[in-house]
There are 2 protein chains.
Amino acid sequence: MKKVTIKDIAEGAGVSISTVSYVLSGKRSVSDEVKRRIHEQIELLHYKPNAVARSFASRKTNIIGLYCSKYPDTENTDVFFLKMVNGMMAAAEKRNYKVLLLNEMEGSENFVIPFDKTFPIDGAIVTTTINSHHYLNQLESEEMPFVLVGKPPKDLKINCVDNDNVKAAYEAVELLLKQGATNIGMVTGSGLHTRLSDFEIGYMMAHNSYQIAYRSENIIRHDINDPDYVQKIMSAIQENGLDGILVSLLFTRLINRLLTDPHAPHSIPIVSFGFDLIAEHYSHLTKDVHFIQSNAYKLGIEAVARLIDLIDKPESKAKQMLLSPELSVWRQSKELQQIE
Amino acid sequence: MKKVTIKDIAEGAGVSISTVSYVLSGKRSVSDEVKRRIHEQIELLHYKPNAVARSFASRKTNIIGLYCSKYPDTENTDVFFLKMVNGMMAAAEKRNYKVLLLNEMEGSENFVIPFDKTFPIDGAIVTTTINSHHYLNQLESEEMPFVLVGKPPKDLKINCVDNDNVKAAYEAVELLLKQGATNIGMVTGSGLHTRLSDFEIGYMMAHNSYQIAYRSENIIRHDINDPDYVQKIMSAIQENGLDGILVSLLFTRLINRLLTDPHAPHSIPIVSFGFDLIAEHYSHLTKDVHFIQSNAYKLGIEAVARLIDLIDKPESKAKQMLLSPELSVWRQSKELQQIE
DNA sequence: CTGAAAGCGCTTACAG
DNA sequence: CTGAAAGCGCTTACAG
């Protein structure tokens with residue numbers, strides 16, 4: 001069974017190949033009669049355009065690549081990633097694009113993936129990874145349009161989409177103050193670098209704006225892989241006399257302890273980053289939790305929207321988009337009230 | 001800046017286009033001297049083969065499509081899906097394939113997606129969806145190799161990969177018996193259809209093998225969207241005097257209640273399906289939980305491996321692969337012991 | 001409103 | 001071990 005091509009349709013309808021092509025693309029007006037005959041043949045022969053041939057001729061695949069790091073991640077960032085991909089697919093579909101998952105090539109020590117026509121893509125989305133700086137430098141030299149999801153290195157003017165984490169931490173502190181906190185702690189990962197995170201900047205700016213005493217020991221840095229971090233952080237909370245806490249979702253076990261342990265101090269208000277990612281599992285909260293939305297889905301949408309704009313007109317210059325934080329509260333469920 | 005093609009390399013190295021192509025593909029032996037000159041030119045001109053042109057000429061894209069349903073899913077199946085995709089990417093990478101995410105086309109009421117060269121794919125993975133039966137029938141008539149992840153309709157002999165859910169439930173019942181249970185309940189979703197699930201069959205087979213009394217009311221069917229299901233199921237557990245429970249992970253709130261509420265009856269052993277998908281969030285268990293692994297990653301691996309085999313030699317006949325259940329236990333964490 | 005033809009950048013029989 | 005050439009199935013200037 002030979003495959004049906006545009007030529008078969010042209011012959012069947014008694015017109016030229018180009019006319020069939022133009023009917024299919026709608027790029028030129030064609031008489032209704034010819035259109036009818038062509039569609040009749042398409043129906044009759046079950047013609048389906050060949051995507052690869054089309055891409056080859058038009059130099060356009062309508063596919064965007066999503067570069068996925070192989071670096072081990074926590075469950076939480078996995079959920080973030082999944083929701084981001086969902087957003088990307090939604091945005092891509094609207095504009096007739098598909099998403100191709102690309103992972104690191106075998107044998108490369110660094111996170112290096114070909115960023116050219118080695119893959120059938122019109123553009124790419126890159127997420128921040130450990131050695132992204134080195135990597136992004138390389139990307140800049142290529143002609144492929146791309147958008148970074150995450151914070152770009154300062155010296156690179158590239159297209160990117162990210163949460164406004166400075167503002168997020170700032171507003172989180174504001175919220176804790178409104179709830180009566182006076183001595184606010186922040187629990188954050190001990191990254192590879194000792195550089196200040198945007199969260200810390202926002203935290204500090206809020207302390208400055210509201211003229212609250214700032215104590216460096218209130219910024220509690222911990223490796224999330226330390227098996228005993230919960231105990232250590234709980235101790236620090238007590239020793240420092242904290243009455244409000246800002247905590248990253250990465251500290252799953254700490255969150256569990258603070259939010260579900262009936263013996264935990266009920267009085268300390270907590271703001272978590274990205275609690276929406278795992279809220280489903282917390283029908284057993286012992287208190288309400290305020291959180292700053294992860295925006296995973298939205299980031300996916302925006303990244304793809306920006307990328308497709310770039311593909312459509314590549315001359316447009318680099319733009320940095322920051323999503324404003326949205327604060328929400330996840331209420332202690334009915335479930336639990338029945339228990340008590 | 002014009003893009004570099006195979007022609008430029010051929011001219012630079014003073015050989016024919018075909019020789020360059022053969023050096024690149026390794027499909028024919030070429031003298032070392034010619035090879036050297038060609039690689040020199042490739043290096044010099046930064047030549048990258050054009051994936052689309054290559055696919056067009058060879059009629060092979062090395063891309064497999066993953067058909068994603070848009071139907072709303074619970075968080076848990078999302079995690080399942082994510083891990084499955086991870087498995088697929090791992091298996092695909094090993095054999096030099098990529099994964100293209102495909103979603104339902106706009107405007108189609110049913111779950112109907114083109115299954116032909118409309119997309120640049122060599123084959124496809126399909127997961128079971130609500131109206132998959134109708135859909136699979138359609139797929140069979142196409143020439144595209146595909147593998148279903150899930151249980152196939154009885155009358156279709158197609159390639160598929162799935163968990164052996166009959167065996168899983170059977171072994172779960174066995175495990176509960178070993179733990180001293182004598183009156184075992186099963187909590188399961190109230191699907192659209194009233195047909196028996198594989199889980200129920202396995203449950204019944206175990207009751208038959210071990211000659212335990214079977215009480216139909218011990219199979220507790222509930223809509224997971226019922227906001228009050230926890231209370232209702234807890235009541236049923238008490239009324240029926242159950243001393244062992246088999247529960248689907250879909251009942252997140254019930255799991256929370258049974259596993260994290262210190263007031264919940266500690267004595268009843270529980271076996272959960274797929275607890276591994278969310279175990280990360282349960283550092284606050286009040287008891288150990290036995291579970292049957294979801295096999296999400298493994299299913300992804302197997303589905304892709306099978307699909308690529310099919311692509312390589314399409315004449316091989318349909319094969320149904322069932323993964324045997326693996327029982328595991330998730331121990332109550334140290335965390336919690338410190339609390340008590 | 002329509003057609004003839006070049007060309008997209010490779011692969012691969014065919015011939016030597 | 002190597003080359004000349006057909007061809008993969010479309011798109012799109014160009015010409016009318």
Side-chain angles (χ1 to χ4, degrees), chain A residues 1-39 41-42 45-63 96 114 116-122 143, chain B residues 1-39 41-42 45-63 96 114 116-122 143:
Chain A
M1 184 166 139
K2 209 187 150 297
K3 68 186 59 156
V4 183
T5 72
I6 201 173
K7 198 178 160 201
D8 301 313
I9 303 303
E11 283 168 3
V15 295
S16 73
I17 286 176
S18 60
T19 297
V20 177
S21 175
Y22 281 118
V23 165
L24 254 30
S25 69
K27 286 188 180 173
R28 150 165 129 175
S29 63
V30 175
S31 74
D32 287 345
E33 166 57 14
V34 168
K35 268 189 200 156
R36 196 194 54 72
R37 291 211 310 270
I38 288 173
H39 282 127
Q41 286 299 312
I42 288 175
L45 305 180
H46 298 109
Y47 169 72
K48 303 283 183 177
N50 179 315
V52 176
R54 182 176 277 180
S55 294
F56 179 55
S58 64
R59 283 163 227 85
K60 182 111 172 28
T61 61
N62 275 42
I63 294 175
N96 194 31
D116 44 47
K117 290 301 173 190
T118 302
F119 296 129
I121 58 178
D122 296 333
E143 73 292 343
Chain B
M1 185 166 139
K2 207 185 153 300
K3 68 186 60 156
V4 183
T5 72
I6 202 173
K7 198 178 159 201
D8 301 313
I9 302 303
E11 282 168 4
V15 294
S16 73
I17 287 176
S18 59
T19 298
V20 177
S21 175
Y22 281 117
V23 165
L24 254 30
S25 68
K27 286 187 180 174
R28 148 165 131 174
S29 63
V30 175
S31 73
D32 287 345
E33 166 56 16
V34 167
K35 267 189 199 157
R36 196 195 55 70
R37 291 212 310 271
I38 288 174
H39 281 125
Q41 286 299 311
I42 288 175
L45 304 180
H46 299 110
Y47 169 73
K48 303 282 182 177
N50 179 314
V52 176
R54 182 175 277 182
S55 295
F56 179 55
S58 65
R59 282 163 226 87
K60 182 113 173 27
T61 60
N62 275 43
I63 294 175
N96 195 31
D116 44 48
K117 290 302 174 190
T118 302
F119 296 129
I121 58 178
D122 295 332
E143 74 294 340

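A, B, ... follow the sequence lines: proteins, then strands. Residue 1 opens every chain. Values below: all heavy atoms of this structure, side chains included; hydrogens, waters and symmetry mates excluded.
- If you measure from atom NZ of A:Lys3 to atom C1' of D:dC8, you get 9 Å, rounded to the nearest angstrom.
- For the atom pair A:Tyr22 OH and A:Ile17 CD1, the distance stands at 13.0 Å (nearest 0.5 Å).
- For B:Asp122, the side chain to side chain donor-acceptor pair (under 3.5 Å) partners are B:Lys60, B:Thr61, not counting sequence neighbours.
- Here the P atom of nucleotide C:dG9 and the CG atom of B:Asp8 are 9 Å apart, to the nearest Å.
- Remark: C1' of D:dG9 and NZ of A:Lys48 are 17 Å apart, rounded to the nearest angstrom.
- A donor and an acceptor atom, one from each side chain of B:Thr19 and B:Ser16, are located under 3.5 Å apart.
- With both ends at atom C1', the span from C:dG16 to C:dT12 equals 16 Å, rounded to whole Å.
- One interatomic measurement links the two molecules: CG of A:Asn62 to P of D:dC10, which rounds to 16 Å at whole-angstrom precision.
- A:Val23 is listed as a side-chain neighbour of A:His39, based on a closest heavy-atom distance under 4.5 Å.
- A distance of 8.5 Å separates CD1 of A:Ile6 from CD1 of A:Ile38, quoted to the nearest 0.5 Å.
- Atom C1' of nucleotide D:dC8 and atom CG of B:Asp122 are separated by 15 Å, given to the nearest angstrom.
- Looking at B:Val15 and B:Arg37, their side chains come closer than 4.5 Å, going by heavy atoms from C-beta outward.
- A:Lys7 is not listed as a side-chain neighbour of A:Val20, based on a closest heavy-atom distance of 4.5 Å or more.
- Rounded to an integer number of Å, the gap from CG of A:Asn50 to P of D:dC8 is 11 Å.
- Between A:Lys60 atom NZ and C:dC8 atom C1' the separation is 16 Å, expressed in whole Å.
- When each of D:dG9, D:dC10, C:dT12 is scored by its nearest atom to the side-chain atoms of B:Lys27, the top-ranked nucleotide is C:dT12.
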Readout for nucleotides 2-7 of chain D: B = base within 4.0 Å of protein heavy atom, S = sugar-phosphate only, - = neither; 5' to 3' it is BBBB-B

Its dot-bracket string being built from Watson-Crick and G-U pairs below 3.5 Å, with | for another strand and [ ] for crossing, DNA chain C has the pattern |||.||||||||.|||

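- Counting to the nearest Å, the C1' atom of D:dT11 and the CZ atom of A:Arg54 are 10 Å from each other.
- Here the side chains of B:Tyr47 and B:Leu24 are in contact, with some heavy-atom distance below 4.5 Å.
- Side-chain nitrogen and oxygen atoms of B:Ser21 include none within less than 4.0 Å of the OP1 or OP2 phosphate oxygen of C:dC10.
- Side-chain contact between A:Ile63 and B:Pro120 is present, with at least one heavy-atom pair separated by less than 4.5 Å.
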